[in-house]
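Heads up, the thing below is written out as C-alpha cells.
Just so you know, ligand 1 is whichever comes first in the structure, and atom 1 is the first atom listed for that ligand.
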Amino acid sequence: MALPESRTLSLIFKYVDDHVLNYIELLKEAVAIKSVSCSPHLRDDCITMVKWLHCKLKALGVEAEECDVGTQTLPDGRPLRLPPVILGSLGNDPSKPTVCIYGHIDVQPAAQEDGWHTEPFNLTEIDGKLYGRGASDDKGPVLCWLNAIQAYQKQELPIPVNLKFVFEAMEESGSEGLEDLLKQRKESFFQNVDYVCISDNYWLGKDKPCLTYGLRGLCYFFIEVTCACKDLHSGVYGGTINEAMSDMVYLLSRLVDKDGTILIPNINNDVLPVTDDERRQYQEIDFSVLDYKTELGSPSLLHKEDKTKLLMSRWRFPSLSVHGMEGCFSDPGTKTVIPRKVIGKFSIRIVPNQDPIAVEKAVVDYLNKEWAKRGSSNKFKVSMVHGAKAWVTDPRNSNYEAAIRATKRVYNTEPDMTREGGSIPITLTFQEVTDKSVILIPIGACDDGAHSQNEKLDRRNYIQGTKLLAAYLYEIGKMGK
Ligand SMILES: NCC(=O)N[C@@H](Cc1c[nH]cn1)C(=O)O
Ligand SMILES: [Zn+2]
Ligand SMILES: [Zn+2]
C-alpha cells in the first residue's frame, strides 16, 4: 500500500540522516581506488573501480552487465583495453516511468606534491568537508544514487520508478567507446527510458542548489614537435639545432591573446548571436562576481568584472586553454637538457551550433600556416584527440518540474536554472538515443575544486544530495507513466 507522500519522504530522509557515517565510509572506499583514466599505468585501477561498483549495484539487486567497449590507441600507437561500461536495470514495472541514470567513476590525476593538504586518494574530513580526488567529480554523486536506492529498500518502500544505470570509467578522457555502445543499445536497453538524469556538475554558488540545462563541448588537441633522436646536453649541442621547445612555445603563443580572444581565424563562425531574451535571462541570475574572483585568487578577471559577460564567457562562448606539455622538464632544479620531442596540449570548449569537425579543420589549417611561417626544419604534427559537441535543452518539461519540486522539498528553495562551461561528452548522445528529456542535477558546490588541488564535497551536499535524488525519483514516480 502506498504511504501518504509526506510519510514516504520523511522515512527516507530519516534513514539517510541515520546512515551518514556509512555513506562516508563508502565514499572513502571509492576514493581509495586510483581510477585515473588518462594514465595508462592506472588502467587496472579503472577496471577495479568498475568491478567495485558492479558489486555494490548487485548488492542492491541491480542486474548489471560489464560491457566490453574494446581498446583505445595510445598516442605512441600502443593499444590499451578500455574499462568496461556498466549497464544495469532495477525494476520492470510497466505502470512506472523509467529513469536512466548516468555517472562516471574515473577521475583526473592527483598528487599530494601538487599542493594537496591531504593525501588525494584517502578521503579525509575536515570541518565538514570531505577531501579526496573524485569526492565531487563524480564518485560522490554516483554514490548518492546508490544511497538513495538503499534507503528506499531498507525502509521497505517501493522504488517509485524503474531504473536504468550507465556508469563508465573513461569520462575524463573523452568517454571512448561509450557513444557506440549507447547507439548499439538504442532499441534494446534504452527502449523504454522516459527520463535521463545526470549528476556530474556543480552549483553556481556555495549555498543555493541549481538545475542545469546546458554544457559546452570539448575539442582536445595535441601538437607534436620533434628535433632529435634523443635528449641533448644544451652545453654540448645548444646553438646547433632548432629546438623543439622553442618551436612549441612559439606555436602555443599563437593560440590565444591576453584578453582571452582565440586567434584562430573562422573559429567563431558558427557561434549563435546573443538574443535580447538571453541577455535578460543572464541579468537575472543570482551570481557574485566578487565571490568568484575571491575563490579563484586571481588578481583580475577578463571582461571588466561584468556578471553577464563573465557568465556568457563560461557558458555560451568558446574558450581556449593551454594545459601542458609532455616530454619537457618540469621538476624543481636546473636540468640543462634539450628535449628531443615535446607534445603540447590544448583544448577548446565549444558551444551550441559549433561542430567539432569544423573546429578541427580551422585549428589544423591555422597551425599548419603558423608552422610554415616559423620556417623550422623540425618534424611537426597536430591532431584532435577527441571532439564532443555542446548540449543545450529547453528545461520547460516534466523532468525539470519534478527536480524543482524535489529541490524545494530538500533545500526549501527554488533552484537556479544554469548552464555550465564544462563538458560531459555523452549528454547529447543520451538525448539522441532516448529522444527524451535529459536533466543535470548537481550535488556539489561551486568551490569543490573538481580537477584541482584539494577537491572536496561538503558533507552537507553529500547527505542532502542523497535526499535530493531520492526525492527526485519520488517526484518522477508521482507523475506516473
Ligand atoms: N564533470 C565533467 C567533466 O569534468 N568533464 C570533463 C570532460 C573531459 C573530456 N575530455 C577530458 N575531459 C571536462 O573537462 O569538462
Ligand atoms: Zn565529471
Ligand atoms: Zn571531471
Side-chain angles (χ1 to χ4, degrees), residues 27 30-31 34-40 46 49 53 72 75 82-83 85 101-110 120 132-145 166-179 197-204 210 212 214-222 314-315 318-324 345-351 356 359-360 383-392 418-430 438-457 461 465:
L27 183 56
V31 165
K34 296 183 177 168
S35 49
V36 179
S37 55
C38 71
S39 304
C46 292
M49 188 70 223
L53 184 62
Q72 72 180 116
L82 289 164
V85 171
I101 291 162
Y102 162 83
H104 68 91
I105 44 175
D106 60 316
V107 295
Q108 290 279 327
R133 175 57 89 223
S136 180
D137 181 14
D138 183 33
K139 292 178 177 179
V142 165
L143 294 182
C144 286
W145 287 114
V166 180
F167 292 127
E168 66 156 325
M170 279 300 285
E171 194 273 348
E172 299 290 8
S173 300
S175 290
E176 275 204 57
L178 185 58
E179 186 174 345
C197 184
I198 299 175
S199 284
D200 182 23
N201 66 305
Y202 322 97
W203 293 351
L204 185 55
C210 66
T212 304
L215 292 163
R216 290 194 291 186
L218 183 69
C219 293
Y220 205 110
F221 294 89
F222 283 6
R314 286 173 85 184
W315 298 349
S319 62
L320 188 151
S321 305
V322 177
H323 304 295
K345 302 183 180 186
F346 71 96
S347 72
I348 304 178
R349 298 282 170 174
I350 63 169
V351 296
V359 169
E360 179 182 26
S383 55
M384 184 167 84
V385 286
H386 54 254
K389 285 187 181 169
W391 164 78
V392 69
T418 62
R419 285 169 65 168
E420 196 165 295
S423 315
I424 305 173
I426 208 65
T427 310
L428 188 59
T429 314
F430 274 106
V438 180
I439 188 171
L440 264 58
I441 305 184
I443 299 298
C446 70
D447 62 343
D448 279 0
H451 296 205
S452 182
Q453 292 91 347
N454 302 308
E455 177 180 349
K456 58 87 179 159
L457 178 63
N461 286 53

List the steps, then state whether side-chain contact (heavy atoms from CB on, under 4.5 Å) holds for Asp137 with Val107. CA-CA 7 Å; Asp137 181 14; Val107 295; over 6 Å; no
Run the numbers on Leu440 and Ile424 for side-chain contact (heavy atoms from CB on, under 4.5 Å), then give the verdict. CA-CA 10 Å; Leu440 264 58; Ile424 305 173; 4.0 Å; yes
In sequence, state the C-alpha distance, the side-chain angles, and the governing distance for Arg314 and Leu204, and then conclude on side-chain contact (heavy atoms from CB on, under 4.5 Å). CA-CA 11 Å; Arg314 286 173 85 184; Leu204 185 55; 3.9 Å; yes
Determine, step by step, whether Ser423 and Leu215 satisfy the side-chain contact (heavy atoms from CB on, under 4.5 Å) criterion, reporting the C-alpha distance in whole Å, the side-chain angles of both residues, the deciding distance to 0.1 Å, and the verdict. CA-CA 6 Å; Ser423 315; Leu215 292 163; 5.7 Å; no
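Applying the ring pair (Phe, Tyr, Trp, His ring centres under 6.0 Å) test to His386 and every residue at least two apart in sequence or in another chain returns Tyr220. Shown here are the ring pair (Phe, Tyr, Trp, His ring centres under 6.0 Å) partners of Tyr202, two or more places apart in sequence or in another chain: there are none.
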Give every pair made of an N or O atom of ligand 1 and a protein N or O atom lying under 3.5 Å apart, one pair per line with both atom names and the distance to 0.1 Å, or write 'none'.
| from | atom 1 | to | atom 2 | distance (Å) |
| --- | --- | --- | --- | --- |
| ligand 1 | 1 (N) | Asp137 | OD1 | 3.2 |
| ligand 1 | 1 (N) | Asp200 | O | 3.3 |
| ligand 1 | 1 (N) | Asp200 | OD1 | 2.9 |
| ligand 1 | 1 (N) | Asp200 | OD2 | 3.4 |
| ligand 1 | 4 (O) | Asp137 | OD2 | 3.4 |
| ligand 1 | 4 (O) | Glu172 | OE1 | 3.4 |
| ligand 1 | 4 (O) | His451 | NE2 | 2.8 |
| ligand 1 | 5 (N) | Glu171 | OE1 | 3.4 |
| ligand 1 | 5 (N) | Glu171 | OE2 | 3.0 |
| ligand 1 | 5 (N) | Ser423 | O | 2.7 |
| ligand 1 | 10 (N) | His386 | NE2 | 2.8 |
| ligand 1 | 12 (N) | Glu172 | O | 3.3 |
| ligand 1 | 14 (O) | Arg349 | NH2 | 2.8 |
| ligand 1 | 15 (O) | Arg349 | NH1 | 2.7 |
| ligand 1 | 15 (O) | Arg349 | NH2 | 3.4 |
| ligand 1 | 15 (O) | Ser423 | N | 3.0 |
| ligand 1 | 15 (O) | Ser423 | O | 3.2 |

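Side-chain atoms of Ser136 never come within 3.5 Å of backbone atoms of Ala450 as a donor-acceptor pair (strictly under, hydrogens ignored).
Closest heavy-atom contact between Ser37 and Ala169: CB-O, 3.4 Å.
By the criterion of a separation under 2.8 Å, the protein N/O/S atoms near the Zn ion (ligand 2) amount to His104 NE2, Asp137 OD1, Asp200 OD1, Asp200 OD2.
At a cut-off of 3.5 Å, with distance as the only test, a side-chain donor of Thr418 or Thr212 sits close to an acceptor on the other residue.
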